[in-house]
J.: 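This is the structure, below, for whatever I ask next.
Values reported hereafter were calculated over all heavy atoms of this structure, with side chains retained and with hydrogens, waters and symmetry mates removed.
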Amino acid sequence: MRTITIKPKAITHNLNQVKKMAPHSKVLAMVKSNAYGHGIAAVLPALQQADGIGVATLTEALEARQLGWNKTIGLIEGAFTADEWQQAIDSDISCVIHHAPQLQWALENIPPASSATRVVWIKYNTGMNRLGFDAEGVIAAAKQLHDAGYQLILTTHFANADNSTHPLNAMQIQRYSDVLNTLQETVSAEIKGSLCNSAGIVNFSEHHYDWIRPGIILYGSSPVVDQSAQALDLQPAMDFSAQIIALQTVNADHAIGYGSRWIAQKDTRTALVSIGYGDGYPRVVNDDAYVSVIDTSNNQSYRCSVIGRVAMDMIVIDVSTAPEDIALDSKVMLWGDAPHVDEVAAHAGTISYELLCRLSIRPKRVQA
């Protein structure tokens with residue numbers, strides 16, 4: 001059976017780790033892309049100690065409201081149309097404003113004073129060069145919004161926060177600090193700041209400001225290049241598992257799978273596992289990829305290499321390290337504690353975000 005097991009207690013643990021790292025900041029917990037593939041309905045109860053959540057689309061925001069989330073919701077790309085701006089007002093959603101049309105909608109349709117939409121996250125492009133006003137534009141927009149009665153949070157986004165030594169980090173921090181100081185001195189001392197994503201939380205503790213925006217760190221993956229999830233005391237929030245469905249010995253010099261890429265150097269005991277890229281396990285893993293086979297008779301775990309090419313519905317693994325009488329229905333951990341999803345991502349030449357977000361609907365979902 002293909003199974004995705006979500007562990008809400010791990011998410012709560014990781015949130016607590018984040019709060020320890022930034023004890024003086026409010027937390028906008030990122031739950032975009034269906035909570036990084038974990039399922040927003042499963043995740044929200046574990047984030048009750050967060051001050052708010054961040055989403056990428058209005059649909060995600062409305063889903064969170066329907067699920068009973070009554071704290072701050074930040075729409076981090078803002079409204080896409082004037083109609084969405086009105087829907088944000090109707091549902092008490094706080095929006096990012098990052099370009100002129102959004103500014104115009106906000107100035108033409110001002111929400112009631114009690115509305116959460118009166119809090120605006122105004123985006124400053126400090127070097128990511130995706131969303132945001134330049135320095136002159138963000139100061140001008142902030143003045144207009146403040147005069148219209150909005151409460152402002154200046155926000156930006158790091159391009160290289162995962163690598164603490166990248167020179168653009170210092171440049172972005174300085175640009176951000178300069179503009180925030182200018183706004184607080186010339187527009188309002190009440191303007192708040194939000195600079196750090198997951199990696200920034202870890203690497204730039206002196207720049208946490210009023211709000212932090214943790215994402216992948218909440219789900220147990222390391223957001224930085226030089227520290228593992230274990231070193232950061234993070235717990236994986238998802239176990240992805242399947243079962244052995246067949247066992248066989250492949251003779252020396254015989255190939256396995258599409259393209260005959262893997263050839264046995266000796267007679268090799270193998271197992272077929274009911275998982276593939278149709279479920280979200282990456283087709284492009286390299287020869288270092290492995291899984292953990294769990295013997296159901298004694299709960300012992302065995303590291304087994306993935307061999308041959310990953311297919312849509314199955315993979316083959318080398319079970320030479322496991323007992324000869326390994327059970328046909330033994331559990332196979334694709335990622336969880338071991339291997340960690342960060343390891344699998346490295347073997348696939350990508351990042352854990354992508355693997356978690358692109359899981360298919362085929363595996364059964366359960367909660368621990």
Side-chain angles (χ1 to χ4, degrees), residues 22 24-28 30 32 51-52 54-57 72-80 85 88 93-107 116-164 166-215 223:
H24 304 299
S25 301
K26 290 185 176 181
V27 176
L28 191 76
M30 291 295 140
K32 58 183 179 174
D51 300 284
V55 297
T57 67
T72 294
I73 298 179
L75 190 57
I76 63 170
E77 294 176 23
F80 296 162
W85 175 257
I93 296 163
S94 182
C95 294
V96 163
I97 290 180
H98 59 78
H99 68 153
Q102 292 174 334
L103 175 62
Q104 181 179 352
W105 303 332
L107 295 175
T117 317
R118 275 287 189 107
V119 178
V120 165
W121 301 66
I122 186 166
K123 190 69 169 280
Y124 174 28
N125 175 22
T126 56
M128 185 72 151
N129 291 314
R130 295 189 312 186
L131 306 180
F133 299 95
D134 63 16
E136 182 179 352
V138 80
I139 292 170
K143 289 178 178 177
Q144 293 179 75
L145 290 164
H146 177 263
D147 290 347
Y150 286 95
Q151 301 170 51
L152 304 181
I153 302 168
L154 182 69
T155 185
T156 191
H157 198 60
F158 280 114
N160 300 279
D162 58 323
N163 178 2
S164 62
H166 195 286
L168 186 57
N169 292 322
M171 188 179 300
Q172 287 192 270
I173 290 169
Q174 189 63 56
R175 289 171 177 169
Y176 178 84
S177 176
D178 289 346
V179 165
L180 181 59
N181 288 338
T182 297
L183 290 176
Q184 290 174 337
E185 291 171 1
T186 64
V187 178
S188 171
E190 299 301 315
I191 293 176
K192 307 298 184 184
S194 177
L195 175 62
C196 289
N197 56 0
S198 290
I201 293 166
V202 175
N203 280 337
F204 307 116
S205 59
E206 67 275 27
H207 300 291
H208 286 159
Y209 291 99
D210 301 285
W211 284 86
I212 54 171
R213 308 186 309 272

J.: Would you indicate whether the side-chain heavy atoms of Arg213 and Thr155 approach each other to under 4.5 Å?
T.: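 When only atoms from C-beta onward are counted, Arg213 and Thr155 do touch, with a gap below 4.5 Å.
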
J.: Atom CG of Asn160 and atom CD of Gln172: how far apart are they, to the nearest 0.5 Å?
T.: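 Between Asn160 CG and Gln172 CD, I get 7.0 Å after rounding to 0.5 Å.
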
J.: Checking Gln102 side chain against Glu77 main chain: does a donor-acceptor pair fall under 3.5 Å?
T.: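 Pair found, side chain donor or acceptor close to backbone of Glu77.
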
J.: I want to check something: taking the side chain as every heavy atom from C-beta on, are Leu152 and Leu183 in contact at a cut-off of under 4.5 Å?
T.: no

J.: Side-chain contact test, heavy atoms from C-beta onward, threshold under 4.5 Å: evaluate it for Cys196 versus Tyr209 and give yes or no.
T.: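 Contact flag for Cys196/Tyr209 side chains = no.
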
J.: Give the minimum heavy-atom separation between Val27 and Pro214, together with the two atoms involved.
T.: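 Smallest heavy-atom distance, with atoms named: CG1-CG, 3.6 Å.
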
J.: Please lay out, stage by stage, how Arg175 and Thr156 fare under the test side chain to side chain donor-acceptor pair (under 3.5 Å).
T.: CA-CA 10 Å; Arg175 289 171 177 169; Thr156 191; over 6 Å; no

J.: Closest heavy-atom contact between Trp85 and Cys95?
T.: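 For Trp85 and Cys95, the tightest heavy-atom pair comes out as CZ3-CB, 3.8 Å.
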
J.: Taking side chain as C-beta onward, heavy atoms only, is His157 less than 4.5 Å from Lys123?
T.: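 They are in contact (side-chain heavy atoms under 4.5 Å apart), so the answer is yes.
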
J.: If only atom types and distance count, is the side chain of Thr117 paired as donor or acceptor with the main-chain N or O of Ile93 below 3.5 Å?
T.: yes

J.: Please find the pair of heavy atoms, one from Leu180 and one from Ile191, that lie closest to each other, and give the distance.
T.: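 Reported closest heavy-atom pair: CD1-CG2, 4.0 Å.
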
J.: Using atom types as modelled and distance alone, determine if a side-chain donor or acceptor of Glu190 lies under 3.5 Å from a backbone N or O of Gln151.
T.: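 No; judged by distance alone, with no hydrogens or angles, the pair does not exist.
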
J.: Carefully, step by step, assess Ile139 and Phe133 under the rule side-chain contact (heavy atoms from CB on, under 4.5 Å).
T.: CA-CA 9 Å; Ile139 292 170; Phe133 299 95; over 6 Å; no

J.: Mind checking whether Phe158 and Leu168 have side chains closer than 4.5 Å, heavy atoms only?
T.: no

J.: With sequence neighbours left out, write down each residue that passes side chain to side chain contact (heavy atoms under 4.5 Å, CB included) with Glu206, or none if nothing qualifies.
T.: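 For Glu206, no residue satisfies side chain to side chain contact (heavy atoms under 4.5 Å, CB included) once neighbours in sequence are set aside.
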
J.: Nearest heavy-atom pair of Thr186 and Lys143: which atoms, and what distance?
T.: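 Smallest interatomic distance, heavy atoms only, reads OG1-CE, 4.4 Å.
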
J.: Taking only residues two or more places apart in sequence, or in another chain, which ones meet Asn125 in a side chain to side chain donor-acceptor pair (under 3.5 Å)?
T.: Asn129

J.: Asn197 and Ala161: which non-hydrogen atoms are nearest, and at how many Å?
T.: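 Scanning both residues, the minimum pair turns out to be OD1-CB, 3.8 Å.
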
J.: Looking only at non-hydrogen atoms, find the nearest pair between Leu103 and Ala141 and report the distance.
T.: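 Reported closest heavy-atom pair: CD2-CB, 3.9 Å.
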
J.: Roughly how far apart are Asn169 CG and Asn163 CG, rounded to 0.5 Å?
T.: 7.0 Å

J.: Is the shortest side-chain heavy-atom distance between Met30 and Leu28 below 4.5 Å?
T.: yes

J.: Could you tell me whether the side chain of Asp210 reaches within less than 4.5 Å of the side chain of Ile153, counting heavy atoms only?
T.: no

J.: Is a donor on one side and an acceptor on the other found under 3.5 Å between the side chain of Thr126 and the backbone of Tyr176?
T.: no

J.: Using modelled atom types and a 3.5 Å cut-off, is there a donor and acceptor pairing between side-chain atoms of Ser194 and backbone atoms of Trp211?
T.: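 Looks like yes, one N/O pair under 3.5 Å.
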
J.: When rounded to the nearest 0.5 angstrom, what is the spacing between CG in Leu195 and NE2 in His207?
T.: 7.5 Å

J.: Do the side chains of His99 and Leu131 get nearer than 4.5 Å, heavy atoms only?
T.: no

J.: Measure from the side-chain N and O atoms of Asp134 to the backbone N and O of Gly137, and report whether any donor-acceptor pair falls under 3.5 Å.
T.: yes

